[in-house]
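The structure under discussion appears below in the form of structure tokens.
This structure is a prediction, so every number in the text was calculated from the model and none was measured. A, B, ... follow the sequence lines: proteins, then strands. Residue 1 opens every chain.
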Amino acid sequence: MSDIQALTQRIDQLEHTLGIEQDVNQIRRVQYSYGYFIDKSQYNEVVDLFAEDGEVWFLGGIYKGKAGVRRLYIERFQTQFTQGHNGPRYGWLLDHPQLQMIIDVAPDRKTAQVRGRSMMQAGLHESAEGSQRAWWEGGIYENRYVREDGVWKIARLAYFPHWHGTFEDGWAKTPIDYLPMASVTYPDDPLGPDALVDPMPRLWPATDVVPFHFPHPVTGAPIAIDNSRAREGYKD
Amino acid sequence: MSDIQALTQRIDQLEHTLGIEQDVNQIRRVQYSYGYFIDKSQYNEVVDLFAEDGEVWFLGGIYKGKAGVRRLYIERFQTQFTQGHNGPRYGWLLDHPQLQMIIDVAPDRKTAQVRGRSMMQAGLHESAEGSQRAWWEGGIYENRYVREDGVWKIARLAYFPHWHGTFEDGWAKTPIDYLPMASVTYPDDPLGPDALVDPMPRLWPATDVVPFHFPHPVTGAPIAIDNSRAREGYKD
Amino acid sequence: MSDIQALTQRIDQLEHTLGIEQDVNQIRRVQYSYGYFIDKSQYNEVVDLFAEDGEVWFLGGIYKGKAGVRRLYIERFQTQFTQGHNGPRYGWLLDHPQLQMIIDVAPDRKTAQVRGRSMMQAGLHESAEGSQRAWWEGGIYENRYVREDGVWKIARLAYFPHWHGTFEDGWAKTPIDYLPMASVTYPDDPLGPDALVDPMPRLWPATDVVPFHFPHPVTGAPIAIDNSRAREGYKD
């Protein structure tokens, strides 16, 4: 191999490796933007982050394609939280800090996977009209991304809340089955998901681990999960 | 173009692109250091993070240049929070986690813009002398950075708290106009800002979106903001 | 120097610099994985993150080598928190978000240092068996990493909680000396540390600054620390 060929190979490799670092930063930007948009009920901007065949997993339901994504964010959340308005409403808080992202880009740079978390606060100020509430919420994301025409988009936003608690009483006193999980699909439920997550997740005080998309970073082995005691305290 | 010329061009591009990745990491380091210094009332170290003509936006006031930055951090905060001491005071908490940074470096690598957030806790332990209080606070930064002689410095730290709440009662019960916004400038107010932010921000339960310095990461369009309902619950 | 030599030197430098950026991302991944594993009491997976001669600093004790690391995470925490089970237990929360990492890789890429923080929540749901409690906790890490056979591992995880508070009363009312610091070493205490941290840290409402492993990012000077008033409120 000539000197020129050898240098060319090294430059090829550098461009590929640096490209992946840029992908990681860009995917982080998209996911962080998701958080900022949700903070302020900018639902149109949220929907625009998704690929055409993107999907959302939320409380056991899978909302498929742009139609499903819109059904969840626009028809359901925007109606429920901001009375149909695309933007923040006086006295309505929905903080979604985006934290602790572990981002893996496929070698062909066409897809990626992201584990992350949020530590949410949400609810209504006492001077605003509506049902008074204020809660904390912790959750894990295991998301997928796709690069189309050079642009990274959300292919799957899969959110697994792992606890809820009111501001007043906290997660130690959260009622069991605090929120209903998805059970009826669209169109039987006009705001329902297109499919149900299988197996159906169960909320805190269940403590199931969300499977990791990546291997153990030191041993390289798949990360084993033992959920055998994650639900044992249920009386039902 | 010769082989050598072609390789040289690719190497030039790699050096530029990698330089920007390093800039991003360095800017993140400066902003994270800001958080660690504020945590512990290391105000001299905070002031040293700013460029000579840097400025701070705080509660509707703009503190300009090193003199303004010192007025806010040293003359005001250090006096008020740590009795003139440059370092932590027994029983005084001022946690400023620095989160969710979206960092954009200009193509010439001389300036940068950063959106970020904090999720603060602050107040006084009951065994410490002073006015007892303990609060939570969420806020958004839209900061600017400048690179001088190869060193990244804060050009503008613009902080927009978007809610406050006491530990006991939380943000759902925060009194309206919880904190006074800046109204009198320096030197009429010897600790006041050099100018006022225009338009003047209003605190939670107002929910105005802080404008984004970056375009929508998928569509590339400017991020539209509709604050038409962000203040509608005010009775005044 | 020939054109080829000049290009080769630039490529060498690019490979080195990009390698450090990859190291930073990999170290972040290891530290973030630590957080996810601790969240769910995956203690075997935590122990696997450490180098053979790695160590942990916890509440004034130093647990040395894999034997010491196992003593803390497996023999002590796993027994105490999850009744000997390697995985999550129903109703037991131990959220460890990993935040604000400042990562410095040595020029030879064999070691690294990391400052970071957590903003924890932990305790037991009221429906689970055991002592009812729910607390918040903030803390600083000053960790060390080592690269062995190309794999980054934790060489020292040094955790300094800087406040605790119950969910109900918060950190403003935390009893002084809330938790006992390490005092008896192994094997006199069969679950004790191999050595004691010197000087022994003291908990909130003490406010000592944890020394920074890095210089001031703008001035380049060592970051001076003045803890002279960090403990002055103690009556003892």
Side-chain angles (χ1 to χ4, degrees), chain A residues 2-4 6-7 10-11 13-14 17-18 20-21 24-25 97 99-104 115-119 136 138 140 162-163 165 168-176 204-210 212 214 216-221 223-235, chain C residues 2 4 7-8 11-12 14-15 18-19 21-22 25-37 39-42 44-45 48-51 82-83 85-99 119 121 123-129 132-134 151-154 167-168:
Chain A
S2 74
D3 284 349
I4 292 286
L7 292 184
R10 290 173 70 186
I11 290 172
Q13 182 59 46
L14 277 166
T17 304
L18 183 54
I20 286 178
E21 297 295 307
V24 166
N25 280 348
L99 311 171
Q100 205 176 329
M101 302 285 148
I102 294 183
I103 302 173
D104 287 277
R115 191 182 188 86
R117 80 192 306 157
S118 189
M119 191 173 166
W136 287 97
I140 295 288
H162 56 178
W163 51 266
E168 194 167 358
D169 292 324
W171 42 259
K173 297 179 182 173
T174 305
I176 288 176
W204 166 259
T207 53
D208 304 69
V209 184
V210 176
F212 295 79
F214 55 88
H216 190 286
V218 168
T219 69
I223 297 170
I225 288 176
D226 182 347
N227 284 330
S228 62
R229 297 192 53 188
R231 303 186 181 195
E232 67 179 7
Y234 287 128
K235 300 297 186 290
Chain C
S2 75
I4 293 286
L7 292 184
T8 300
I11 290 173
D12 288 345
L14 277 166
E15 288 174 345
L18 183 54
E21 296 296 307
Q22 291 181 293
N25 280 348
Q26 183 61 20
I27 290 163
R28 192 183 283 120
R29 168 188 302 267
V30 176
Q31 186 66 39
Y32 281 8
S33 294
Y34 171 83
Y36 286 124
F37 294 155
D39 281 356
K40 294 294 184 180
S41 301
Q42 296 177 281
N44 293 341
E45 286 69 23
D48 283 343
L49 294 173
F50 282 80
T82 55
Q83 304 165 331
H85 177 64
N86 189 61
R89 182 191 156 200
Y90 172 87
W92 171 246
L93 190 76
L94 196 60
D95 264 23
H96 271 66
Q98 298 292 304
L99 311 171
M119 191 174 167
Q121 297 182 73
L124 205 62
H125 189 266
E126 62 180 6
S127 70
E129 283 179 25
Q132 295 301 313
R133 54 205 153 128
V151 179
W152 283 102
K153 304 174 186 175
I154 303 175
F167 190 89
E168 193 167 358

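We find the OG1-CG distance between A:Thr219 and C:Asp48 to be 5.5 Å, quoted to the nearest 0.5 Å. Rounding to the nearest 0.5 Å gives a distance of 9.5 Å between CZ of A:Arg10 and CG of C:Leu14. A distance of 5.0 Å separates CZ of A:Phe212 from CD1 of A:Ile223, quoted to the nearest 0.5 Å. C:Asp39 contributes atom CG, which lies 5.0 Å from atom CG of C:Asp95 (distance to the nearest 0.5 angstrom).
For chain A, the option among C:Asn25, C:Leu49, C:Asn44, C:Leu93 with the highest count of heavy-atom pairs below 4.5 Å is C:Leu93. The residue among A:Asp169, A:Ile4, A:Asp104, A:Asn227 with the most heavy atom pairs within less than 4.5 Å of chain C is A:Asp104. Put simply, of A:Glu232, A:Gln13, A:Glu21, the one with the most heavy-atom pairs under 4.5 Å next to chain C is A:Glu21. The residue among A:Gly220, A:Gly170, A:Ala221 with the most heavy atom pairs within less than 4.5 Å of chain C is A:Gly170. Of the residues considered (A:Ile20, A:Val210, A:Thr174), A:Thr174 shows the highest number of contacts with chain C, using heavy-atom pairs under 4.5 Å. Per-residue heavy-atom pair counts under 4.5 Å with chain A were compared for C:Val151, C:Ile154, C:Thr82, and the maximum is reached by C:Val151. Most heavy-atom pairs under 4.5 Å with chain A, from the set C:Lys153, C:Arg28, C:Glu15: that is C:Glu15.
With a threshold of 4.5 angstrom between heavy atoms, A:Trp204 approaches chain C through side-chain atoms but not through N, CA, C or O. In this structure, chain C has heavy atoms under 4.5 Å from both the backbone and the side chain of A:Gln100. Neither the backbone nor the side chain of C:Ala128 comes within contact range of chain A; no heavy atom of the residue lies under 4.5 Å from a heavy atom of that chain. Neither the backbone nor the side chain of C:Phe50 comes within less than 4.5 Å of any heavy atom in chain A. In this structure, the portion of A:Ile103 lying under 4.5 Å from any heavy atom of chain C is its backbone and not its side chain. In this structure, chain A has heavy atoms under 4.5 Å from both the backbone and the side chain of C:Val30. Residue C:Leu18 touches chain A through its side chain alone, counting heavy-atom pairs closer than 4.5 Å. With a 4.5 Å cut-off on non-hydrogen atoms, C:Leu99 touches chain A through its side chain but not through its backbone. Of the atoms belonging to C:Gln98, heavy atoms from both backbone and side chain fall under 4.5 Å from chain A. Only the backbone of A:Glu168 comes within less than 4.5 Å of a heavy atom in chain C; its side chain stays farther off.
Between C:Ser33 and C:Glu45, the closest side-chain pair of non-hydrogen atoms is not below 4.5 Å. Put simply, the side chain of C:Lys40 does not reach to within 4.5 Å of the side chain of A:Ile225, judged on heavy atoms.
Between A:Trp171 and C:Phe167, the angle of the ring planes goes over 60°, which puts this pair in the perpendicular group of the 30/60° scheme.
No donor-acceptor distance shorter than 3.5 angstrom exists from the side chain of A:Arg115 to the backbone of A:Phe214, with no hydrogens or angles considered. When atom types are taken as modelled, the side chain of C:Ser41 and the backbone of C:Asn86 share no donor-acceptor pair closer than 3.5 angstrom.
Of the residues A:Ile140, A:Asp208, A:Val209, the one that meets the side-chain contact (heavy atoms from CB on, under 4.5 Å) test with A:His162 is A:Ile140.
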Should A:His216 and C:Phe37 be marked as a ring pair (Phe, Tyr, Trp, His ring centres under 6.0 Å) after you check the CA-CA gap, both sets of side-chain angles, and the distance that decides it?
CA-CA 10 Å; A:His216 190 286; C:Phe37 294 155; 5.4 Å; yes
